Amino acid sequence: MDRIDHVRTFIAVAEQLSFARAARALGISPAAASRAVMALETELGASLLRRTTRAVSLTSEGADFLDRARRALAELDDAARAVRGEDGAPAGMLVVSAPVAFGRLHVTPVAAALTRAHPGLSIRLLLADRVVRIVEEGVDVAVRIGSLPDSNLRAVRIYEVRPVLVASPAYLAAHGLPTAIEALASHHLLGFDGLETHDWRFATGAVRVAPRLLVNNAEALVTAAVAGAGIARVFCYQADAEVAAGRLAYLLAEHEPPGTPVQLVFAANRGRAPSVRALIEAMRGYFAERAALCRA
């Protein structure tokens with residue numbers, strides 16, 4: 001294997017975080033994949049991966065090299081496609097991450113449609129209610145809801161959603177309907193762990209809250225609200241189906257804050273990749289047909 005093959009193998013292992021999965025994707029043995037990465041590390045004089053019996057992860061040098069290597073190989077692949085006269089059709093493996101509920105409801109249908117439309121494209125969809133580390137975790141495109149900190153990542157806005165308050169009819173019958181945001185202090189509140197657990201901000205002000213139940217999964221938060229545990233603050237798309245079914249009701253709608261942006265985030269060097277461009281355009285088209293989502 002030459003240097004380019006070594007680099008491709010390293011990228012595959014870094015993206016899969018597994019020598020075995022990377023080897024299967026490349027059509028080589030795990031031992032060959034391990035030898036290729038070791039040869040590359042020897043040539044560079046640096047450790048790119050941390051290896052344990054249970055996991056593979058990137059070192060800081062590996063994360064930096066991965067970004068540069070992807071950029072260099074993307075340029076090389078673009079040049080090769082141009083010489084061959086190929087149209088740059090989406091192909092290969094595209095790794096996409098998204099929040100659980102949003103991904104299930106709105107990214108999975110797009111991913112399924114893309115794989116039907118492009119036989120050479122495979123998509124690995126990672127659903128998690130946390131901020132993934134794009135480079136370190138081998139993610140090509142991440143769906144992020146909310147404002148983004150300054151970074152060297154590129155972002156494309158595709159939609160916006162709103163935070164809403166919801167509670168079950170049974171809870172409201174037992175505890176009353178809050179008529180002002182200040183009244184929330186006397187209610188049982190349900191919160192998303194790590195997100196706005198001290199302050200809930202509204203168009204008309206903010207309220208300091210102390211949730212009695214914290215969960216780290218938005219769908220579990222909705223389930224708790226349906227069960228009558230209290231008032232939850234979630235994004236509108238997470239609760240719309242339960243509201244339509246009568247199991248939840250919106251509260252204090254007149255105080256709802258402005259919409260929160262939904263963005264596709266990716267490394268700058270991945271923006272020209274046909275698979276990334278195809279996902280961006282497909283997501284834009286999907287939401288263009290859904291202007292009424294979240295009562296927008």
Side-chain angles (χ1 to χ4, degrees), residues 8 11-18 20-28 70 73-74 76-78 80-130 132 134-135 137-145 153-161 218-219 235-238 240-241 244 261-294 296:
R8 289 191 188 279
I11 291 174
V13 174
E15 290 179 342
Q16 298 286 343
L17 295 179
S18 165
R21 289 194 296 268
R24 284 196 297 271
L26 294 171
I28 61 177
R70 278 174 164 167
L73 284 183
L76 181 62
D77 290 341
D78 283 347
R81 283 191 292 268
V83 169
R84 291 194 298 263
E86 296 177 355
D87 60 2
M93 175 65 73
L94 179 68
V95 182
V96 182
S97 75
V100 175
F102 191 90
R104 177 176 60 82
L105 292 170
H106 304 301
V107 183
T108 300
V110 173
L114 279 174
T115 56
R116 289 195 302 268
H118 303 287
L121 177 66
S122 299
I123 295 178
R124 182 184 178 203
L125 184 55
L126 308 176
L127 302 183
D129 286 333
R130 63 180 178 86
V132 302
I134 289 181
V135 174
E137 298 184 49
V139 172
D140 295 299
V141 182
V143 177
R144 297 273 173 84
I145 300 176
L153 301 175
R154 290 192 57 194
V156 175
R157 184 170 179 148
I158 57 171
Y159 203 65
E160 67 175 34
V161 293
E219 292 186 324
F235 285 117
C236 51
Y237 69 88
Q238 295 163 342
D240 271 352
V262 179
Q263 301 176 84
L264 298 181
V265 181
F266 48 91
N269 64 298
R270 296 294 291 150
R272 294 173 55 192
S275 57
V276 173
R277 294 199 304 268
L279 178 67
I280 292 171
E281 292 309 311
M283 292 296 292
R284 281 174 165 165
Y286 175 89
F287 284 109
E289 297 175 356
R290 287 161 176 78
L293 180 65
C294 287

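Every value quoted in this text rests on a predicted model; they were computed, and no experiment measured them. Just the heavy atoms: all of them, side chains too, but no hydrogens, waters or symmetry mates, feed the values below. One-based numbering along the sequence shown.
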Exercise for review: State plainly whether the residues E219 and R104 are in salt-bridge range, i.e. N to O under 4.0 Å.
Suggested key: yes
Practice item. Indicate the ring-plane relationship of F287 and Y159, choosing parallel, tilted or perpendicular according to the 30° and 60° boundaries. Key: parallel
Exercise for review: Work out which heavy atom in R144 is nearest to a heavy atom in I134; give both atom names and the distance.
Suggested key: NH2-CG1, 3.8 Å
**Study point:** E15 and its salt bridge (Lys or Arg N to Asp or Glu O under 4.0 Å) partner, picked from R70, R21, R124
**Key:** R70
Review point. To the nearest 0.5 Å, how far apart are CE in M283 and CD1 in I158?
Key: 3.5 Å
Study note, to complete from the structure: For Y286 and L105 the tightest heavy-atom approach is OH-O, 3.4 Å
Point to revise | Test item: side-chain donor near acceptor, Y237 and H106, under 3.5 Å | key: no
Review point. Given side chains that start at C-beta, do those of L126 and V96 come closer than 4.5 Å, heavy atoms only?
Key: no
Check your understanding: What are the two closest heavy atoms between G103 and L125, and how far apart are they?
Key -> O-CD2, 4.4 Å
Check your understanding: Closest approach of A218 and Q238, non-hydrogen atoms and distance?
Key -> CB-NE2, 3.2 Å
Review point. Between P90 and P274, which heavy-atom pair has the shortest distance, and what is it?
Key: CG-O, 3.7 Å
Point to revise | Spacing of F102 atom CZ and D129 atom CG [to the nearest 0.5 Å] | key: 12.5 Å
Check your understanding: Looking only at heavy atoms, which two atoms of P99 and L127 are closest? And how far apart?
Key -> O-CD2, 4.1 Å
Review point. Roughly how far apart are L264 CG and L279 CG, rounded to 0.5 Å?
Key: 5.5 Å
